[in-house]
Amino acid sequence: MNEFELIARLTRALPTNESVVVGAGDDCAVLDVGAGDRRLLFKTDAVVEGIHFTSETPPEKIGHKALARCLSDIAAMAGTPTAALITIGLPKNFDPKFVARIYAGLNELAERQGVAVVGGETTTNPERILISIALVGFVPRGRVLLRSGAKVGDAIFVTGELGGSLAGKHLEFEPRLSEARWLAENFAIHALMDLSDGLAGDLCHLLKASGVGAELLKTAIPISRAARLAAKSGDAAKPALVAALTDGEDFELLFTVASKDAVPLLDKWKQNFPKLKLSCIGKIIAGEGVRLRDKTGVQTLAVHGYVHFS
Ligand SMILES: [Mg+2]
């Protein structure tokens, strides 16, 4: 059973109540908790030694990554993060200085993004460090952006460059919070999510939620320098384009917008975020799945993103 089959089974019949606006299945849960014209965003995420970082990873980067992953999901709803609870599981022989440095990295990002750390829990975890973060944030009531809003004819965009994150970016990335809020404030974005498991797999989640398909232009996929270097060096197991489509932990934004807004959006983006690439990579079409177009024709994309337990 892979990660997505397990999630599907666990979320089939979850308890619910009148606060739930959007339950499991999007980047964050959306709740109506009587906060006036705002909706509450609620998120949890965990990083585990040996999976998301190694025993060699500088501890500040472990803390940074643990929180940045959660913040990326708030960005995926175009929200503003508010407060976090930190649970840390430590082996019996832990080094207090090492743990303090994990928190230093986490706190530095929290302060920069205006997130309060309001408590948590410490526990023993045999052999491996585990950090789990619960995070709340807010989004204006009428501006909740889900994965399910893509429409046939929409242009598909991604921020940044994709693939090769394991070469270093996955420990240092900056969650796209201000960019996502700017998009939601300035354009009628139809669907939005962040890329955590690879473009090919994550786009499929967005397409399924929206009941549509996509056609991507091969030459428009922004491939990272890290993915190109790895492919060139010869020790990469896959070509750079496949890395850009399937490598996890890009933590960029993926969104769709009516095609008439595509050019104005690109123009305005360049003025506001001159250092961050924005690429129109294709369009939403009727049907299902992802097709990849190049000058020789169209092929169905059979590659998938990163899946736990597969
Ligand atoms: Mg996400």
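The structure presented is a predicted model; accordingly, all values stated were derived computationally and were not measured. Side chains are part of it too, since the values below use all heavy atoms of this structure and drop only hydrogens, waters and symmetry mates.
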ask   = Would you find more than 12 non-hydrogen atoms of other residues, nucleotides or ligands less than 6.0 Å from Glu288 atom CD?
value = no

request  = Examine distances only and state if a side-chain atom of Thr159 and a backbone atom of Leu253 form a donor-acceptor pair shorter than 3.5 Å.
outcome  = yes

message = Please determine whether side chain to side chain contact (heavy atoms under 4.5 Å, CB included) holds for the pair Asp202 and Leu206, giving the CA-CA distance in whole Å, both sets of side-chain angles, and the decisive distance to 0.1 Å.
response = CA-CA 7 Å; Asp202 286 333; Leu206 185 148; over 6 Å; no

query = Between Ser279 (side chain) and Ile221 (backbone), is there a donor-acceptor pair under 3.5 Å?
reply = no

ask   = Is Val115 reachable from Leu40 through a run of hydrophobic residues whose side-chain heavy atoms are each under 4.5 Å from the next?
value = no

ask   = What are the two closest heavy atoms between Phe53 and Val48, and how far apart are they?
value = CE2-C, 3.6 Å

key: Leu106 side, atom CG; Glu60 side, atom CD - distance, nearest 0.5 Å   = 11.5 Å

inquiry  = Is there a path of hydrophobic side-chain contacts, each under 4.5 Å between heavy atoms, that joins Val20 and Phe138?
reply    = yes

request  = Would you check if the side chain of Asp32 reaches a backbone N or O of Gly34 as a donor-acceptor pair within less than 3.5 Å?
outcome  = yes

request  = Could you walk me through whether Arg69 and Phe251 pass side chain to side chain contact (heavy atoms under 4.5 Å, CB included), step by step?
outcome  = CA-CA 8 Å; Arg69 285 169 57 96; Phe251 298 109; 3.6 Å; yes

key: Closest contact, heavy atoms only, Cys70 versus Ile133   = SG-O, 3.6 Å

Of all pairs that satisfy ring pair (Phe, Tyr, Trp, His ring centres under 6.0 Å), the ones with a partner from residues 77-110, not counting sequence neighbours = none

message = Check this for me: does any side-chain nitrogen of one of Asp27 and Lys43 sit under 4.0 Å from a carboxylate oxygen of the other?
response = no

key: Nearest non-hydrogen partners of Ala66 and Val47, listed with the distance   = CB-CG2, 3.7 Å

ask   = Donor-acceptor pair, Arg291 side chain versus Ile285 backbone, under 3.5 Å?
value = no

query = What are the two closest heavy atoms between Ala84 and Leu135, and how far apart are they?
reply = CB-CD1, 3.6 Å

query = Looking only at heavy atoms, what is the nearest atom pair of Cys28 and Asp73, with distance?
reply = SG-O, 3.2 Å

key: Other residues, nucleotides, ligands: >12 heavy atoms within 6.0 Å of Phe42 CZ   = no

query = Out of curiosity, does Val158 fall in the hydrophobic cluster containing Leu265 (side-chain heavy atoms, cut-off under 4.5 Å, transitive links)?
reply = no

request  = Measure from the side-chain N and O atoms of Lys65 to the backbone N and O of His52, and report whether any donor-acceptor pair falls under 3.5 Å.
outcome  = yes

ask   = Can you list the steps and then say if Ile281 with Leu199 is a side chain to side chain contact (heavy atoms under 4.5 Å, CB included)?
value = CA-CA 11 Å; Ile281 58 170; Leu199 174 64; 4.0 Å; yes

query = Does a salt bridge link Arg9 with Glu5, judged by any charged N lying under 4.0 Å from a carboxylate O?
reply = no

query = When you measure from the side chain of Asp26 to the backbone N and O of Ala29, does any donor-acceptor pair fall under 3.5 Å?
reply = no

note = Closest non-hydrogen contact found for Val139 with Ala78 is CG2-O, 3.8 Å

ask   = Any donor and acceptor pair, going by atom type alone, linking the side chain of Asp247 with main-chain N or O of Gly164 inside 3.5 Å?
value = yes

Pairs involving residues 149-158, ordered by first then second residue, that meet side-chain hydrogen bond (donor to acceptor under 3.5 Å, both in side chains) (sequence neighbours left out) = Asp154-His190, Asp154-Thr256

inquiry  = Looking at Glu174, is its backbone amide N or carbonyl O close enough to the side chain of His64 to form a donor-acceptor pair, meaning the two atoms are under 3.5 Å apart?
reply    = no

ask   = Can you check side chain to side chain contact (heavy atoms under 4.5 Å, CB included) on Thr219 and Asp294, steps first, answer last?
value = CA-CA 7 Å; Thr219 52; Asp294 65 12; 5.9 Å; no

message = To the closest 0.5 Å, what do you measure between OG1 (Thr57) and CD1 (Ile62)?
response = 5.0 Å

task = For the pair Glu161 and Lys169, find out whether any cationic side-chain nitrogen is under 4.0 Å from an anionic carboxylate oxygen.
result = no

query = Linking I/L/V/M/F/W/Y whenever their side-chain heavy atoms sit closer than 4.5 Å, directly or via other members, would Leu145 and Leu207 fall into one cluster?
reply = no

ask   = Would you say Ser210's side chain and Arg147's backbone share a donor-acceptor pair under 3.5 angstrom?
value = yes

query = Which value, rounded to the nearest 0.5 Å, describes the distance between Glu108 atom CD and Gln113 atom CD?
reply = 10.0 Å

request  = Keeping the roles fixed (side chain from Asp250, backbone from Gly163), state whether a donor-acceptor pair exists under 3.5 Å.
outcome  = yes

task = Rounded to the nearest 0.5 Å, what's the gap from OG on Ser259 to CD1 on Ile156? Could you check?
result = 11.5 Å

query = Do Trp269 and Phe157 make the cut of ring centroids closer than 6.0 angstrom?
reply = no

query = Can you get from Leu10 to Met1 by hopping between Ile, Leu, Val, Met, Phe, Trp and Tyr side chains that sit under 4.5 Å apart?
reply = yes

request  = Mind checking the OG1-CG spacing from Thr124 to Asn93? Nearest 0.5 Å is all I need.
outcome  = 10.5 Å

